[in-house]
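Here is the structure we will look at, set down as structure tokens.
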Amino acid sequence: MKVVIIGAGVAGLAIGWRLLQAGAAVTILDRGQPAQGATWAAAGMLAVTAELEEAGEAESAFALHSNTLWPGFAAEIEQVSGVGIGFVRGGALLLAGNAGELEAMRSRGTVLDGAGARALVPMLADDVAGGLWAADEARVDNRALGEVLTIAFLKAGGILIPQEAVVTIEERGGTACVMTPYGRHYADAFVIAAGAWSGLLANIPITPVKGEIIALMPPANQPLPGPVIWGNGVYLVPRDHEGEKRLLVGATMREAGFDTSLSPQERERLRAAAQCLIPSLKHWTLSDHWAGLRPKSPDGLPLLGLLRGNIFVAGGQFRNGILLAPAIAQLMADIVLGKTKTIPAFDPRRFG
Ligand code: GLY
């Protein structure tokens with residue numbers, strides 16, 4: 001079976017890798033370089049508690065399943081590539097804004113009071129009320145993940161064609177072929193996994209949601225916080241891998257088309273919000289500021305499965321593209337190979 005995947009982000013690469021392992025011939029086309037879109041811009045959190053507070057049953061179950069796949073997935077790609085991806089199950093502390101919020105958190109799991117939260121993260125502000133401790137949250141160096149998945153995909157015999165944007169998908173009699181500025185690609189199956197750009201292909205209802213993130217570098221000998229921290233409208237993700245020692249502070253949410261320009265106001269807002277949680281951050285150096293585009297569907301749920309004819313889609317991961325990657329890879333490979341059907345809540349045809 002020959003499969004062409006459109007998009008070499010974490011989803012496209014992981015699906016392609018699983019399909020290669022199952023014996024398919026896989027080519028990935030990317031409009032730019034591999035793993036340079038949302039995969040690069042993300043903060044690398046596997047926020048199975050923090051991001052899923054309002055999630056429905058199907059989304060929660062799928063995210064929890066992916067979270068359990070993550071350690072094996074990380075070990076497997078690290079072993080194939082010989083390169084680490086900084087997978088750390090370091091937990092997450094979801095700070096309460098006040099005593100009432102803390103009380104409400106008790107129904108969700110283990111709660112720490114202010115002293116308990118500061119015992120875990122001594123640099124927290126004195127007035128922190130406490131928070132929910134989510135021990136099963138993890139994080140990964142998403143930029144390393146992109147590189148390592150690319151290596152794994154190529155080592156397994158995949159063909160990767162960068163700088164080849166799909167212009168149109170031609171559909172005739174239930175089969176498709178894709179056109180790029182350089183020619184046509186034919187395949188038994190096409191998988192659209194182009195992140196926020198998926199919405200430009202085949203009338204898929206996916207739109208970009210911009211997120212800006214800043215990175216702060218600690219003064220010499222100052223440690224990073226141990227867990228991921230959420231509070232005051234921001235998240236703080238420690239990134240301590242391959243010589244990088246920074247705290248990522250994110251992220252904004254803005255529907256502004258494909259605009260990825262950086263806003264000094266948002267940069268300062270992120271920094272100020274983070275400093276309310278950890279006052280000593282005012283002494284840390286701002287070392288970077290970037291933006292990426294999350295792919296969002298109208299109901300906020302992913303689109304995973306057959307769209308029509310021989311066109312499949314793996315999109316709409318919204319805020320959870322890194323977390324969901326192992327489960328999406330397995331599910332989509334099985335769907336494309338005809339071994340399973342999609343999860344109804346994620347059926348790409350639900351929008352008509
Ligand atoms: N999951 C983090 C974000 O979307 O900003």
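Atoms within a ligand are numbered from 1 in the order they appear, just like the ligands themselves.
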query: What part of Phe318 sits under 4.0 Å from ligand 1 if we count only heavy atoms: the side chain, the backbone, both or neither?
result: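 Near ligand 1, Phe318 shows nothing, with every heavy atom at 4.0 Å or more.
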- prompt: Side chain, backbone, both or neither: which part of Met253 has a heavy atom under 4.0 Å from ligand 1?
  reply: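 Under 4.0 Å from ligand 1, Met253 contributes no heavy atoms.
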Within a distance under 4.0 Å of any heavy atom of [X], pick out the atoms of ligand 1 and give their elements.
X: Glu51; answer: 1 (N), 2 (C), 3 (C)
X: Ala251; answer: 5 (O)
X: Met45; answer: 1 (N), 2 (C)

message: Quick check on the 6.0 Å ring-centre criterion: do Phe190 and Phe312 meet it?
response: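 Centroid separation for Phe190 and Phe312: 6.0 Å or greater.
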message: With respect to Asn320, determine whether any N or O atom, backbone or side chain, lies less than 3.5 Å from an N or O atom of ligand 1.
response: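 No, since none of the N or O atoms of Asn320 sits under 3.5 Å from an N or O of ligand 1.
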message: Strictly below 4.0 Å, N to O, side chains only: are Asp347 and Arg349 in salt-bridge contact?
response: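 Looking at Asp347 and Arg349, the cut-off is met.
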Side-chain ion pair, Glu268 and Arg271, N-O less than 4.0 Å: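 No, this pair does not count.
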message: I'd like to know if the side chain of Asn142 reaches the main chain of Leu145, judged simply by a donor and an acceptor atom lying under 3.5 Å from each other, with no hydrogens or angles considered.
response: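 No, the answer is negative, given that no donor and acceptor are paired below the 3.5 Å cut-off.
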Check against ring pair (Phe, Tyr, Trp, His ring centres under 6.0 Å), Tyr235 and Trp230: CA-CA 4 Å; Tyr235 52 73; Trp230 292 72; 5.0 Å; yes
query: Can you tell me which residue and heavy atom of the protein come closest to atom 4 (O) of ligand 1, and the distance to 0.1 Å?
result: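 Checking every protein heavy atom, the shortest distance to atom 4 (O) of ligand 1 gives Arg294 NE, 2.7 Å.
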task: Can you pull out the closest protein heavy atom to atom 5 (O) of ligand 1? Residue, atom name and distance to 0.1 Å, please.
output: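 Going atom by atom, the protein heavy atom closest to atom 5 (O) of ligand 1 ends up being Tyr235 OH, 2.6 Å.
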message: My understanding is that only residues two or more places apart in sequence, or in another chain, count here; which of them pass side chain to side chain contact (heavy atoms under 4.5 Å, CB included) with Leu102?
response: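 With sequence neighbours excluded, Leu102 shows a side chain to side chain contact (heavy atoms under 4.5 Å, CB included) to Ala96, Met105, Val111, given in chain and number order.
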